A.B. asks: 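Below you will find the structure I want to go over with you.
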Amino acid sequence: MNLDKKYNPKQVEENIYNFWIKEDYFSSHPTPNKKSFCIVIPPPNITGILHMGHALNNTIQDVLVRFKRMQGYASLWMPGTDHAGIATQNVVERSLSNRGLRKEDIGREEFLKLLWEWTHKYGSTIIEQLKKLGASCDWKRARFTMDEEYSEVVKEVFVRLYEKGLIYRGKYIINWCPRCKTALSDEEAPYKEIDGRLYYIKYPVKKSPSKITQEYVVVATTRPETMLGDTALAFNPKDTRYKWRKDAKVILPIIGRELRVIEDEAVDPDFGTGLVKVTPAHDPLDFTLAKKYNLEFVNIMNEDATLNENAKEFSGMDRFKARKNILQTLKDEGLFDKEEPHKISAGHCYRCGTLIEPRLSTQWFVRMKPLAEPAIKVVEEDKIKFYPSRWKKVYLNWMYNIQDWCISRQIWWGHRLPVYYCKRCQNNLSEDTLSDTQGIIVSKTRPPECPVCGSKDLVQDEDVLDTWFSSWLWPFAVFYWPKQTPELDYFYPTSCLVTASEILFFWVARMIMASLEFTEEIPFKDVIIHGTVRDEKGFKMSKSLGNIIDPLEIIEKFGADSLRFSLMMLASTGADVYLSDEKFLVGRNFSNKIWNASRFILTRIEEENIVIRDLEIKDNLDLVDKWLIYHLNQTVEEVTKYLGIYKINEAVKKMYEFFWHIFCDWYIEISKDNFNLHKAKMLVFCLIHFLKLIHPVMPFISEHIFQLIKSMTELDLEKSIMVANWPKKVELVLKDEELEIMDSAIRMVREIRNLKADLGIPFSEKLTVTVKVSERCKDFVSVSKKWIMRLASLKELELKDNLERVLFKNKDLEFNLSLSSFDREKFVVRLNKKISDLEMHLKSISKRLENISFIKNAPQEKVEEQREKFTDLSNHLQRLKYLKDIFV
RNA sequence: GGGCACAUAGCUCAGUUGGUUAGAGCGCUACGCUCACAUCGUAGAGGUCGCCCGUUCGAAUCGGGCUGUGCCCACCA
């Protein structure tokens, strides 16, 4: 077989993936005699395209799922997508506007039709990209958060919560874009700093029977136009400047309304004058104050942020024009004090950039405190664990201070609220009724008539639910809860959840609450939180910053395995990942190393006409074999351990170290001198073990080489490495002494290389070495002569009982080098440095040994250790000094 | 303002219950195309473990303080 010098992932990855699909290896079913392992994917938005964050998140999941599958679990990775309300609606709205249309022009029904068309056409783009990454999801089970059955679950949950009194309707300040005329979530209204001004305005004080003498008070505001909606002033109770004002009345300029003056901790005495205007209908904080103190709400704006009739003569004006005019009027009336520049950070519409207007409107809320309680308990009691554990505190801190959740959205794409209004009943209500239930029917299906008055004049709420209101049900809704399906029974609660820290609150915390509330179970046992993907400078990768590295491009260039390996190597648990194009070379180089090592083994087997029928190796292990098996065992043990505690990067480093620096650097090199059936078996045996270990991280190349081994040997191997068993430690009888002997030999090779470099002798210059070995080492060195000579580039290796001089010495070996010429100066410099280093070290040890407290207090073994070290190093120092004497 | 972290080689990070001359990978330097691999090999340089105090025979490791950085939440009238 002719194998390329370079590994070419592009040629093999797609075929391998198709092979896995064809064999149905990703499918998982409830299997009574197996333990279950299940991860539900954080459903990507249907509008999403694969970015590095996805690549990181999903690689971690795939690693775990593949690892557990090989360990014999019924391992299910449950895939799906999220309908992503606003994001998707925006995409379709944009294409509409390209045709010069707004969604209102075509109507709700028609617009939804377009949305579904878009979803069917593009909604699975990201799924296809995940396949390129190698994701072993059980695709047949894929769910979508707008599936018909899923919608049923959402409605069911809404109704249950409503009936329990945990969902209510109320007026609240929300982010409002006056241009788009829609409400926005906080995430959709990112804060931006703008240059504003702080205006100081005089409010006249109403003369009253008390001893108030001042004419006016000064209030600072950045938004003077909203003053028309003021219904109170407030100051901090600790602020003595205004103490006397309590219960005083102030007159609102222009309007002439009488304002109460209240005290509240929420007011910052250091801001402005310490006296703040309270505008309940136009500011979130003022809104809460108004609720607390029972203040009046005066709305002065229309949907498009022009002022309404409450603004008297300013009615009809745009908010910015009104600001100017109001300021002018105040100046005219002598009520304007001063203004100064002031940085304001305020929400801006993420679509059009318009400054957000906080707007009072009726919304639906979930009462969170009762839901949070059990969700706090399970985390406090470690029934759900976070990795890294520090997130536990963050989670708890947030949960202790949880706020009610606004779940209604004024958009069209999403789960419509299962809420119906009886028009007749509602006509009897006043508009300001905040939490009345009258005239409201909450029902999964449209009721035929009002249960109260029998009217058939019912209308469904126009709003849809926040996307997270469907996502928070994900871990059990995907298994068709509330039906008791076998899958729900077997795979739920799931094993772990892998996610970025950004959505800990939006999603993870809410899933825990929903699961406990509806299924009375935790949704998952472990929460694995990985970091954010950043560029080299530490900026978050984002399209707008233009610093993204496209994972698909990396796959195209280096292959999915290289991408996966690099990410796993770089991402230490929970830490942010700093990426640049070069970072992916680690993976590419390692792929190539695996490829070439395998290529060597397989071609040599072919060249030597070796036929491998089994991998029985135990009976005739030589010392080098044992040494390799020993390290293999260590690797198996550590990799298994680290993957089990989600320290993937530690596992990856161990595999890298073993394969490159044990297997390739030494074992393969040594095997070249004596490439027989036994060595071939050893090589293939260890290679297969390694491939299995690396398979979760590098599924494609491991499968590819596994298949090559199958085709080039007569081994009876599994059809795919995917379904092979996870490696176990090999039974091995090995004395510590044997390990030491091998290490001594390696040490000798290294020392010779070292000396050559120190003496300025080219490595290729073949020298003669005379060596004196310990009794226990004799046999080994004589059989190992060939490889020692080759790896140290020697002409001859002579075993002697006495040496003329000793250049190196350890427990087992001492040797001398025949030298003709060398770079004396270079050598002396090196030697002197080594000598002074050693002397320093010896000094610190002798200091320790002379310390009576140390001898007295430290454990005996530690003292002994130091003494031994001292002797060793002294000997070493002597030898170096001796070297100096003879060479200088 | 509240909370949570982090601070070790130029960069990214390891460093297990306190006992090393503080490690790895990348990068860098020198030499080398040694018959799997130059996407390679060999060797090397590079750190007073942010600062200060304390506990201890002994601190990168434990405690306190300081400085700096990052993240989350709230607020910005």
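Lettering of chains follows the sequences in order, A, B, ..., and the numbering in each one begins at 1. Since we're looking at a predicted model, the values are computed, not measured.
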A.B. asks: Could you work out the separation of A74(B) and G65(B) based on their C1' atoms and round it to a whole Å?
C.D. replies: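 Per the computed distance, 28 Å lies between those C1' atoms.
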
A.B. asks: Say you pick atom P in C13(B) and the same atom in G70(B); how far apart are they, in whole Å?
C.D. replies: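 Looking at atom P only, C13(B) and G70(B) are 14 Å apart.
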
A.B. asks: Remember a base hit wins even if backbone is also touched, and classify V276(A) as base, sugar-phosphate or nothing at under 4.0 Å, heavy atoms.
C.D. replies: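 Counting heavy atoms under 4.0 Å across all strands, the contact made by V276(A) includes a base.
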
A.B. asks: Is there a side-chain polar atom (N or O) of K393(A) under 4.0 Å from OP1 or OP2 of A5(B)?
C.D. replies: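 Answer yes for this pair, as a side-chain N or O of K393(A) is under 4.0 Å from OP1 or OP2.
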
A.B. asks: Classify the nucleic acid contact of T221(A) as base, sugar-phosphate or nothing, counting any heavy atom under 4.0 Å across all strands shown.
C.D. replies: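 The residue T221(A) makes sugar-phosphate contact but no base contact.
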
A.B. asks: Using OP1 and OP2 only, check whether a side-chain N or O of T222(A) sits under 4.0 Å from A77(B).
C.D. replies: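 Yes.
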
A.B. asks: Considering just the side-chain nitrogens and oxygens of N649(A), establish if one lies under 4.0 Å of OP1 or OP2 belonging to A24(B).
C.D. replies: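 It does not, given that no N or O in the side chain of N649(A) lies less than 4.0 Å from OP1 or OP2 of A24(B).
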
A.B. asks: Which part of the nucleic acid, if any, lies within reach of K654(A) when heavy atoms closer than 4.0 Å are counted: base, sugar-phosphate only, or nothing?
C.D. replies: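 Nothing, no heavy atom under 4.0 Å.
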
A.B. asks: Let's see if you can work this out: which of A43(B), A5(B), G19(B) has an atom nearest to the side-chain heavy atoms of E865(A)?
C.D. replies: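 Looking only at heavy atoms from C-beta outward on E865(A), the closest nucleotide is G19(B).
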
A.B. asks: Do the side-chain N and O atoms of N596(A) and R599(A) include a donor-acceptor pair separated by under 3.5 angstrom?
C.D. replies: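 Per modelled atom types, N596(A) and R599(A) side chains form a pair under 3.5 Å.
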
A.B. asks: Taking the nucleotide of RNA chain B with the nearest heavy atom to each, does K869(A) or K834(A) sit closer to the 5' end?
C.D. replies: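 Mapping each residue to its closest nucleotide by heavy atoms, the 5'-most match is K869(A).
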
A.B. asks: What about H530(A) and Y646(A), are their ring centers closer than 6.0 Å?
C.D. replies: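 Centroid distance H530(A)-Y646(A): not below 6.0 Å, so no.
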
A.B. asks: Base, sugar-phosphate or nothing for I852(A)? Non-hydrogen atoms, less than 4.0 Å.
C.D. replies: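 No contact at all - I852(A) keeps every heavy atom at 4.0 Å or more from the nucleic acid.
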
A.B. asks: Can E669(A) and R790(A) be counted as an ion pair, charged N to O under 4.0 angstrom?
C.D. replies: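 Judged by the 4.0 Å cut-off on N to carboxylate O distance, E669(A) and R790(A) do form a salt bridge.
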
A.B. asks: Using side chain to side chain contact (heavy atoms under 4.5 Å, CB included) as the criterion, list what pairs up with V276(A), not counting sequence neighbours.
C.D. replies: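 V276(A): side chain to side chain contact (heavy atoms under 4.5 Å, CB included) contacts with A234(A), V267(A).
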
A.B. asks: Regarding P859(A), tell me which of base, sugar-phosphate or nothing describes its non-hydrogen contacts under 4.0 Å with the strands shown.
C.D. replies: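 Touches a base.
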
A.B. asks: Taking any heavy-atom pair under 4.0 Å as a contact, classify A220(A): base, sugar-phosphate, or nothing.
C.D. replies: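 Sugar-phosphate contact only - A220(A) comes under 4.0 Å of backbone atoms but never of a base.
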
A.B. asks: Could you list the protein-to-nucleotides 35-40 of chain B atom pairs, N/O on both sides, closer than 3.5 Å?
C.D. replies:
from, atom 1, to, atom 2, distance (Å)
A36(B), OP1, K672(A), NZ, 3.2
A36(B), O3', R599(A), NH2, 3.2
A36(B), O2', N596(A), OD1, 2.6
A36(B), O2', R599(A), NE, 3.4
A36(B), O2', R599(A), NH2, 2.4
A36(B), N7, K672(A), NZ, 3.2
A36(B), N6, E669(A), OE2, 3.1
A36(B), N3, N596(A), O, 3.2
A36(B), N3, A597(A), N, 3.2
C37(B), O4', N596(A), OD1, 3.1
C37(B), O4', N596(A), ND2, 3.4
C37(B), O2', N592(A), ND2, 3.3
C37(B), O2, K593(A), NZ, 3.1
C37(B), N3, K593(A), NZ, 2.9
U39(B), O4', R588(A), NH2, 3.3
U39(B), O4', N589(A), OD1, 3.2
U39(B), O2', N592(A), ND2, 3.1
U39(B), O2, R588(A), NE, 3.3
C40(B), OP1, N589(A), ND2, 3.4
C40(B), O3', K593(A), NZ, 3.4

A.B. asks: Is the Y656(A) to W660(A) ring centre distance short of 6.0 Å?
C.D. replies: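 When the ring centroids of Y656(A) and W660(A) are compared, they turn out to be within the sub-6.0 Å range.
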
A.B. asks: Answer with yes or no after comparing the ring centroid distance for W595(A) and Y7(A) against a 6.0 Å cut-off, counting only values under it.
C.D. replies: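 Judged by ring-centre distance (under 6.0 Å), W595(A) and Y7(A) do meet the cut-off.
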
A.B. asks: Which part of the nucleic acid, if any, lies within reach of F763(A) when heavy atoms closer than 4.0 Å are counted: base, sugar-phosphate only, or nothing?
C.D. replies: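 Base contact.
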
A.B. asks: Looking at every strand, decide which applies to V278(A) at a 4.0 Å heavy-atom threshold: base, sugar-phosphate, or nothing.
C.D. replies: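 Nothing, no heavy atom under 4.0 Å.
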
A.B. asks: Using the P atom as the reference point in each nucleotide, state the distance between A22(B) and A9(B) in Å, no decimals.
C.D. replies: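 These two P atoms come out 14 Å apart once rounded.
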
A.B. asks: Restricting to non-hydrogen atoms, name the atom on F297(A) and the atom on A281(A) that form the minimum distance, rounded to 0.1 Å.
C.D. replies: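 For F297(A) and A281(A), the tightest heavy-atom pair comes out as CD2-N, 4.3 Å.
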
